[in-house]
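Below is one structure; the comments refer to it alone.
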Amino acid sequence: MSRREPLGVAVIGTGRMGADHVRRIDRVVSGARVTAVVDLDARRAEAAAAGIDGCGVYTDPAAAMAAADVDAVLIASSGPAHEAALLSAFERDLPVLCEKPLTPDAASALRVMDAEAALGHRRVQVGFMRRYDAEYVRLKALLETGELGRPLMLHNRHRNVASAPFFTSGMLITDSVAHEVDATRWLLGHEIAAVTVLRPTRSAGAPDGLLDPQFVVLETDGGALSDVEIFVNCGFGYQVQAEVVCERGTARIGDGHALVTNLGGRWGGAIAQDWTERFAQAYDDEVQAWVDATWRGEVTGPSTWDGYAAAAVCEAGVRALDTGGRVEVDLVERPELYE
């Protein structure tokens, strides 16, 4: 690929996430341009492509990938559509940035992983963007120094103002806690061996039938515990916080105290209202890292194995939620490609 021309990217899915990625590639990221947008809703695709010179509009992902000016694919469609899009990309050996989830369940994620392994090289970076957030990056670097000693516990809080109308109790695990699942695996360097989900009194702010909040306990194969408070209808803001407790010290991120005001006898600061505000820079850095790696002929960041492992843990979490018991996570042997 010649560096004289920007990387041509097809963005599949132009909902809120996909449209934001179209904007990001068009206006923020260097070394790439949007050459195709894909959505089953042609009008939505046309709206996303408006004002971008030379951007093709498609309703079929495979047709977009076959276009001569498409060098790489960013998948931001709904989770159930990911497997087919990924397999189409593999047929053309195209590099892919796939938003989480890789796929909605472990069985389909395993099929994708097997198909990628058959290529003999990685093609997918999974969109676990917290690995690109400055605070998480600093925490990971600190843990790797060993200064704090071995990690014993990781406490996570994940709060949203309000859940979407279609949110189910299981989606608190599969769509929200999935981020903490990956963060736990990445920060601690452990696989998750078992999941327990505790259900406190349901908040009066939760829609009828939604079990919110939940308290999730993740047991790792390294002997550490990671807990997650997931509360998707807290009403006051979007908060993501983590504190790791180690043998010789602790470290905490996510307090959000970049700006503190003193006014009218009160002190305080603003609370982000959604993920697009809290993790805006992380998304920018994630996509830029993907573009840069693609230009180098590399695939970096969270792998298909990471996507599969997260899906398997979340499946165990949903079973734990349904049964009220502890559920062990069953992972296949990690292929050599992902070692």
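In what follows, residues are counted from 1 in the order of the sequence shown. Worth knowing before you read on, the calculation uses all heavy atoms, side chains too, and leaves out hydrogens, waters and symmetry mates. This is a predicted model, so every value here is computed, not measured.
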Task: salt bridge (Lys or Arg N to Asp or Glu O under 4.0 Å) between Asp182 and Arg131, intermediate numbers included - done: CA-CA 9 Å; Asp182 184 70; Arg131 299 193 187 199; 2.7 Å; yes
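- Asp292 places no side-chain N or O within 3.5 Å of a backbone atom of Trp295 that could act as its donor or acceptor partner.
- Surrounding CG of Asp93 are more than 12 heavy atoms belonging to other residues, nucleotides or ligands, all under 6.0 Å away.
- Checking side-chain atoms of Tyr132 against main-chain N and O of Ala289 turns up no donor-acceptor pair under 3.5 Å.
- The number of heavy-atom neighbours closer than 6.0 Å to CD of Glu339, taken from other residues, nucleotides and ligands shown, is above 12.
- Between the side chain of Gln214 and the backbone N or O of Ser169 there is at least one donor-acceptor pair closer than 3.5 Å.
- Side-chain atoms of Lys100 come within 3.5 Å of backbone N or O of Asp175 as a donor-acceptor pair.
- Heavy atoms of other residues, nucleotides or ligands lying less than 6.0 angstrom from CD of Glu147 number 12 at most.
- Of all heavy-atom pairs spanning Ala224 and Pro151, the tightest one is CB-O, 3.8 Å.
- Side-chain contact, Gln288 with Asp284: no donor N or O sits under 3.5 Å from an acceptor N or O.
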TODO: Before giving the answer on side chain to side chain contact (heavy atoms under 4.5 Å, CB included), spell out for Asp255 and Gln241 the whole-Å C-alpha distance, their side-chain angles and the decisive distance to 0.1 Å.
DONE: CA-CA 7 Å; Asp255 289 333; Gln241 301 163 317; 3.9 Å; yes
- [ ] Report the C-alpha distance between Val318 and Thr174 in whole Å, list the side-chain angles of each, state the deciding distance to 0.1 Å, and finish with yes or no for side chain to side chain contact (heavy atoms under 4.5 Å, CB included).
- [x] CA-CA 8 Å; Val318 172; Thr174 59; 3.7 Å; yes
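- With hydrogens and angles ignored, the 3.5 Å screen pairs no side-chain donor or acceptor of His82 with any backbone N or O of Ile75.
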- [ ] Assess whether salt bridge (Lys or Arg N to Asp or Glu O under 4.0 Å) is satisfied between Glu135 and Arg278, documenting all intermediate values.
- [x] CA-CA 11 Å; Glu135 290 188 74; Arg278 168 64 179 85; 3.6 Å; yes
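- Interatomic distance, Met17 CE to Leu74 CG, rounded to the nearest 0.5 Å: 9.5 Å.
- A side-chain donor-acceptor contact under 3.5 Å links Gln273 to the backbone of Ile271.
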TODO: Any chance you could lay out the salt bridge (Lys or Arg N to Asp or Glu O under 4.0 Å) test for Arg23 and Asp20, step after step, and finish with the verdict?
DONE: CA-CA 5 Å; Arg23 175 201 60 81; Asp20 194 45; 3.0 Å; yes
- [ ] Show the numbers, then the answer: is there a salt bridge (Lys or Arg N to Asp or Glu O under 4.0 Å) between Asp133 and Arg130?
- [x] CA-CA 5 Å; Asp133 176 70; Arg130 290 192 190 173; over 6 Å; no
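- Residue Ser176 holds its OG atom at 5.5 Å from CG of Asn160, rounded to the nearest 0.5 Å.
- Proximity of a side-chain donor or acceptor of Asp71 to a complementary backbone N or O of Gly8 within less than 3.5 Å is detected.
- Side-chain atoms of Asn233 and Ser163 form a donor-acceptor pair, as typed in the model, at a separation below 3.5 Å.
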Open item on the list: Before you tell me yes or no, could you show the steps for Glu116 and Thr304 under side chain to side chain donor-acceptor pair (under 3.5 Å), namely the whole-Å CA-CA distance, both residues' side-chain angles and the distance that decides it to 0.1 Å?
Closed with: CA-CA 8 Å; Glu116 184 183 39; Thr304 303; 2.6 Å; yes
Open item on the list: Using side chain to side chain contact (heavy atoms under 4.5 Å, CB included), reason through Leu331 and Trp305 one step at a time and then give a plain yes or no.
Closed with: CA-CA 10 Å; Leu331 295 177; Trp305 170 263; 4.3 Å; yes
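- Annotation: side chain of Phe231 is not in contact with side chain of Gln239 (no heavy-atom distance under 4.5 Å).
- The shortest non-hydrogen separation linking Gly301 to Arg122 is O-NH2, 3.2 Å.
- Judged purely by atom type and a 3.5 angstrom limit, Ser77 has no side-chain atom pairing as donor or acceptor with the backbone of Gly13.
- Between the OG1 atom in Thr196 and the CD atom in Glu328 there is a gap of 10.0 Å [rounded to 0.5 Å].
- With rounding to the nearest 0.5 angstrom, the CZ atom of Arg123 is 14.0 Å from the CZ atom of Arg92.
- Not one N or O on the side chain of Trp290 forms a donor-acceptor pair closer than 3.5 Å with the backbone of Gln125.
- In Glu336, the CD atom is not crowded: 12 or fewer heavy atoms of neighbouring residues, nucleotides or ligands sit closer than 6.0 Å.
- Between Arg157 atom CZ and Ile230 atom CD1 the span is 12.5 Å, to the nearest 0.5 Å.
- The aromatic rings of His21 and Tyr283 sit perpendicular, their planes meeting at an angle over 60°, well past the 30° parallel limit.
- Distance check, rounded to the nearest 0.5 Å: NE2 of His179 to NE2 of His158 gives 6.5 Å.
- In summary, the side chains of His190 and Asp221 do not present any donor paired with an acceptor at a separation below 3.5 Å, with no hydrogens or angles considered.
- Distance alone, capped at 3.5 Å, places no donor-acceptor pair between the Thr14 side chain and the Asp39 backbone.
- In this structure, Leu87 places its CG atom where more than 12 heavy-atom neighbours from other residues, nucleotides or ligands lie under 6.0 Å away.
- For Arg43, the CZ atom counts as loosely surrounded, since its 6.0 Å shell holds 12 or fewer non-hydrogen atoms of other residues, nucleotides or ligands.
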